[in-house]
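Working notes, beginning with the structure itself.
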Amino acid sequence: MELVPILTKEQLVAANNWAIEMGYNRAVEPEPLQEYLDTVDDDTQFPITFHMPHEHAGGKKVEEHVRCMVVLNGEGSKAMIDIDLDFFNKLNTVEVPD
């Protein structure tokens with residue numbers, strides 16, 4: 001089994017807003033994201049299927065953060081979001097088959 005980090009709706013919004021505030025280039029537009037999130041159940045969880053350490057923004061070295069691929073729905077729509085390292089390390093995980 002593999003442990004996969006997950007985001008709640010609230011965490012997804014917080015992570016995305018942080019990336020925008022930091023000026024990082026991996027985030028999604030907040031209004032369409034919120035419009036989409038308003039259509040899903042409050043207990044929906046969003047798995048992070050890929051993540052890697054990242055230290056650059058606009059070609060300049062910045063504080064280490066985590067570049068993540070987040071699955072947004074059952075059809076496989078995804079978003080890349082840069083997430084604060086401490087925030088990422090505190091996320092809940094779920095077990096999924098390898």
Open item on the list: With clusters defined by side-chain heavy atoms of hydrophobic residues (ILVMFWY) lying less than 4.5 Å apart, directly or transitively, does L33 cluster with I83?
Closed with: yes
dist N16:CG -> R26:CZ (nearest 0.5 Å) comes out at 13.0 Å
Output for pair (Y24 OH, E63 CD), nearest 0.5 Å, gives 6.5 Å
So CG of D82 and CE of M22: to nearest 0.5 Å the spacing works out to 10.0 Å
Nearest heavy-atom approach of A79 to V28 is CB-CG1, 3.6 Å
Under the side-chain contact (heavy atoms from CB on, under 4.5 Å) rule, what do V66 and I48 come out as? Steps first, then yes or no, please.
-> CA-CA 11 Å; V66 184; I48 296 173; over 6 Å; no
Tightest non-hydrogen contact, residues V4 and P47, listed as CG1-CB, 3.9 Å
Would you give me the side-chain donor-acceptor pairs under 3.5 Å for residues 84-98, sequence neighbours excluded?
residue: D84; atom: OD2; partner: D86; partner atom: N; Å: 3.2
residue: D84; atom: OD2; partner: F87; partner atom: N; Å: 3.0
residue: N89; atom: ND2; partner: L85; partner atom: O; Å: 3.3
residue: D98; atom: OD1; partner: E2; partner atom: N; Å: 3.4

Examine V13 and V70 and state if one hydrophobic cluster contains both, with Ile, Leu, Val, Met, Phe, Trp and Tyr joined whenever side-chain heavy atoms are less than 4.5 Å apart. yes
Validation: residues 36-43 side-chain donor-acceptor distances under 3.5 Å, sequence neighbours left out:
residue: Y36; atom: OH; partner: L72; partner atom: O; Å: 2.5
residue: D38; atom: OD1; partner: Q34; partner atom: NE2; Å: 2.9
residue: T39; atom: OG1; partner: Y36; partner atom: O; Å: 2.5
residue: D42; atom: OD1; partner: K9; partner atom: NZ; Å: 3.2

Between the NE2 atom in H56 and the NZ atom in K61, the distance rounded to the nearest 0.5 Å is 6.0 Å
All heavy atoms of A19 vs all of I81, minimum pair found to be CB-CG2, 4.5 Å
dist E10:CD -> T8:OG1 (nearest 0.5 Å) comes out at 5.5 Å
Handout entry: Common cluster, L3/I6, ILVMFWY with side-chain heavy-atom separation under 4.5 Å
Key = no
Value for CG (N25) from CZ (R67), rounded to nearest 0.5 Å, stands at 5.0 Å
Would W18 and H65 count as a side-chain contact (heavy atoms from CB on, under 4.5 Å) if you check the C-alpha gap in whole Å, the side-chain angles of each, and the deciding distance to 0.1 Å?
CA-CA 11 Å; W18 177 84; H65 52 281; 3.9 Å; yes
